[in-house]
Amino acid sequence: MRPPFKWLLLMMLFPLFFQAQESQNSETDTLIFKLLRQDDKIAVQNPKNTYEKIKDINLGNKNSLSFGGSYRFQAESYINEDFKTTSDQDNLWLLHRTLVHAHYKAGDRFEIFGELNSSLTTGKENPISVDKNELNVNQLFARYRFNDQWNILAGRQNMRQGSGRLIDFREGPNVRLSFDMAQLQFKNEKTEITGFHAIPVQIKPFIFDDNDFDTNETLTALIWKQNWTERSATDFYILYKKENDKKWSAAPADDKRTSIGIRHSGKWNSFIYDNEFVYQFGKFGSENISAWTASLNIQKEFESQQPFNIGLKAEAISGDKSPGDSTLSTFDALYPRGAYFGKVAKFGPSNLIDVHPYLSTKLGSFDLVFDYDAFWRFSKNDGIYGPSLNLDFPPDNQQRFIAHQIGAVAGYEVNKFTNLELESNIIFPGAFLKESNNRATLYHFVLTAEFKF
């Protein structure tokens with residue numbers, strides 16, 4: 001096991017260097033890092049050091065090249081990971097993720113973005129696909145803009161649709177999700193229409209060994225986003241996913257599923273809202289698909305000497321009513337966030353009802369979030385699914401209540417280059433888990449340090 005101490009030392013020293021440089025930058029310089037680095041805002045007018053020079057290399061004739069990347073370290077620990085007290089239930093492992101990218105722009109019309117990923121783990125005996133990928137191409141795409149409204153994209157990219165409930169690049173897990181795709185987009189001040197056909201990259205653990213262009217699983221989408229005002233928007237979308245030999249609780253079969261959804265989000269006075277409804281239909285083998293989800297997220301902002309927000313999330317996600325009949329009612333969240341209900345990620349978005357109040361505030365330089373989540377099974381005849389939508393707990397009793405979850409997150413931004421975060425969660429088993437002989441209280445802790453450049 002190779003300790004990450006040298007990386008941590010560099011992360012502590014680099015922010016001091018960059019912090020000194022920040023004060024010297026001119027007011028016209030821009031250096032804003034985004035979750036998806038192709039969306040970074042970079043403009044360095046008068047570079048003063050080697051770092052600033054590689055961030056915005058002027059190639060003449062409005063052409064430019066920029067280099068950057070990030071390193072993320074996570075220490076993750078579970079106690080009673082599967083609600084049991086046996087010796088193999090207490091774990092501690094380290095996760096390391098390095099992303100390095102180059103971004104070439106030819107004027108305002110053409111761009112190429114490429115990004116390599118190396119995601120490693122130490123101390124985890126059986127890493128899963130989202131934990132480890134020694135080296136792979138995370139993104140490599142070209143975009144051409146015909147004019148101010150129309151553009152076309154081809155290649156591999158990370159993407160998020162709307163709130164990330166159905167399509168997300170999975171920032172929580174160690175390995176992001178990528179799609180090989182072709183996309184056409186129309187965009188103006190009020191309207192954004194996107195159509196694409198995509199193949200999810202099947203992750204393998206070693207060097208450049210991912211399964212590329214595996215058409216056993218594909219996703220086709222048409223998404224229309226309408227901005228009614230600067231503070232209100234509605235998304236309408238239709239998604240078609242084909243997945244061969246998919247396994248729910250029964251034998252594998254071909255899953256051909258269409259999702260029709262509407263999402264309305266925005267801000268009204270001091271309230272922030274993000275609500276969504278999705279209905280799914282299609283075929284799973286010889287069964288008809290009829291599934292749905294409704295999601296509510298409302299947040300109230302309080303302006304005071306110590307500003308804070310209080311919010312409520314709630315979801316109803318359908319499960320199978322009667323296994324063995326001609327209808328499958330288990331909702332498929334397609335490609336959701338890996339950490340759907342916090343980084344503890346024990347319950348996935350299928351056959352679930354959850355009520356999730358939370359409070360967020362700022363204390364000095366710290367961003368704090370406290371939340372509580374209660375989980376029930378939607379259908380007593382369906383089990384509990386994990387974040388990868390595998391059946392983790394079969395429906396072996398008729399109890400509905402699953403668990404109480406209490407969480408807290410403390411984040412600290414050292415500067416624009418470095419962020420630190422500590423998250424902890426406690427899950428108290430409910431009647432369903434207890435009757436399934438999963439009685440132990442689960443404890444989970446994650447320490448994250450991320451450096452972007």
Side-chain angles (χ1 to χ4, degrees), residues 32-41 108 143 145-153 157-172 177 179 181 183-198 219-241 258-280 292-303 307 309-317 331 333-337 339-341 349 354 356-358 360 369:
I32 301 174
F33 301 132
K34 300 289 188 176
L35 270 175
L36 293 179
R37 300 300 299 275
Q38 58 264 39
D39 298 329
D40 283 358
K41 306 298 182 184
D108 298 326
R143 185 193 302 271
R145 294 176 174 82
F146 298 99
N147 50 43
D148 292 340
Q149 296 182 334
W150 289 94
N151 71 83
I152 187 170
L153 179 149
Q157 73 160 336
N158 303 145
M159 63 173 174
R160 172 180 288 167
Q161 183 260 322
S163 63
R165 289 188 178 99
L166 297 183
I167 303 175
D168 193 80
F169 51 87
R170 296 189 316 210
E171 178 61 11
L177 175 63
F179 292 87
M181 61 188 301
Q183 173 182 289
L184 179 65
Q185 185 179 72
F186 169 85
K187 186 176 182 179
N188 62 23
E189 185 177 337
K190 292 287 187 180
T191 304
E192 182 177 326
I193 302 174
T194 303
F196 66 79
H197 180 72
L219 176 68
T220 305
L222 180 62
I223 304 165
W224 180 351
K225 180 177 181 179
Q226 189 68 32
N227 297 303
W228 307 110
T229 68
E230 292 182 355
R231 295 155 59 98
S232 175
T234 303
D235 296 0
F236 307 91
Y237 55 85
I238 180 168
L239 312 172
Y240 174 73
K241 179 186 177 184
T258 299
S259 304
I260 298 178
I262 180 171
R263 171 189 175 226
H264 187 58
S265 59
K267 185 174 182 179
W268 179 74
N269 293 333
S270 60
F271 289 92
I272 300 172
Y273 56 89
D274 189 344
N275 306 317
E276 194 163 3
F277 177 81
V278 185
Y279 178 72
Q280 294 182 334
W292 60 274
T293 182
S295 304
L296 170 75
N297 187 354
I298 299 177
Q299 184 179 143
K300 166 69 174 175
E301 294 182 320
F302 293 89
E303 297 291 342
N309 300 336
I310 294 177
L312 175 66
K313 300 177 185 178
E315 293 188 271
I317 309 171
F331 184 80
L334 306 184
Y335 305 98
R337 298 187 298 273
Y340 208 87
F341 303 105
D354 83 289
H356 184 179
Y358 61 94
S360 62
V369 179

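If you're wondering where the values come from, they're calculated on a predicted model, not measured in any experiment.
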Atom pair [atom1] ([X]) and [atom2] ([Y]), whose distance is rounded to the nearest 0.5 Å:
X    : Y    : atom1 : atom2 : result
N275 : E315 : CG    : CD    : 10.5 Å
T258 : Y279 : OG1   : OH    : 10.5 Å
I193 : W150 : CD1   : CH2   : 7.0 Å
R165 : I317 : CZ    : CD1   : 9.5 Å
N188 : N227 : CG    : CG    : 9.0 Å
F146 : F186 : CZ    : CZ    : 13.5 Å

Do you know the tightest heavy-atom contact between [X] and [Y]?
X    : Y    : value
P357 : L312 : N-CD1, 3.9 Å
W228 : K190 : O-NZ, 3.1 Å
Y335 : K241 : OH-CE, 3.4 Å
F169 : N158 : CB-CB, 3.5 Å
L219 : L239 : CD1-CB, 4.3 Å
Q157 : L153 : NE2-CD2, 3.9 Å

Distance under 6.0 Å and angle within 45° of the ring axis: does K313 meet both against F341?
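No cation-pi geometry.
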Take a 6.0 Å sphere around [atom1] of [X] and say whether it holds more than 12 heavy atoms from other residues, nucleotides or ligands.
X    : atom1 : answer
N269 : CG    : yes
N147 : CG    : yes
W292 : CH2   : yes

Between K34 and D40, does a salt bridge (Lys or Arg N to Asp or Glu O under 4.0 Å) hold up when you go through it step by step?
CA-CA 5 Å; K34 300 289 188 176; D40 283 358; over 6 Å; no
Report the C-alpha distance between T234 and I262 in whole Å, list the side-chain angles of each, state the deciding distance to 0.1 Å, and finish with yes or no for side-chain contact (heavy atoms from CB on, under 4.5 Å).
CA-CA 7 Å; T234 303; I262 180 171; 3.9 Å; yes
Compare all side-chain heavy atoms of [X] with those of [Y] and state whether any distance is below 4.5 angstrom.
X    : Y    : answer
D108 : R145 : no
F331 : S259 : no
P336 : D168 : no
L334 : Q280 : yes

Hey, what's the ring geometry for H356 with Y358, parallel, tilted or perpendicular (30° and 60° as the breaks)?
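It falls in the perpendicular class, over 60°.
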Main chain of [Y], side chain of [X]: is a donor-acceptor contact present, judged purely on distance under 3.5 Å?
X    : Y    : value
R337 : S163 : yes
D274 : L296 : no
T293 : A316 : yes
H264 : D235 : no

Out of the candidates K187, Q185, Q183, only one should pair with T194 under the side-chain hydrogen bond (donor to acceptor under 3.5 Å, both in side chains) rule; please name it.
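The single option meeting the side-chain hydrogen bond (donor to acceptor under 3.5 Å, both in side chains) with T194 is Q185.
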Criterion ring pair (Phe, Tyr, Trp, His ring centres under 6.0 Å) on F196 and F179, from CA distance to verdict
CA-CA 11 Å; F196 66 79; F179 292 87; 7.3 Å; no
Applying side-chain contact (heavy atoms from CB on, under 4.5 Å), run through I272 and E301 and close with a yes or a no.
CA-CA 8 Å; I272 300 172; E301 294 182 320; 3.4 Å; yes
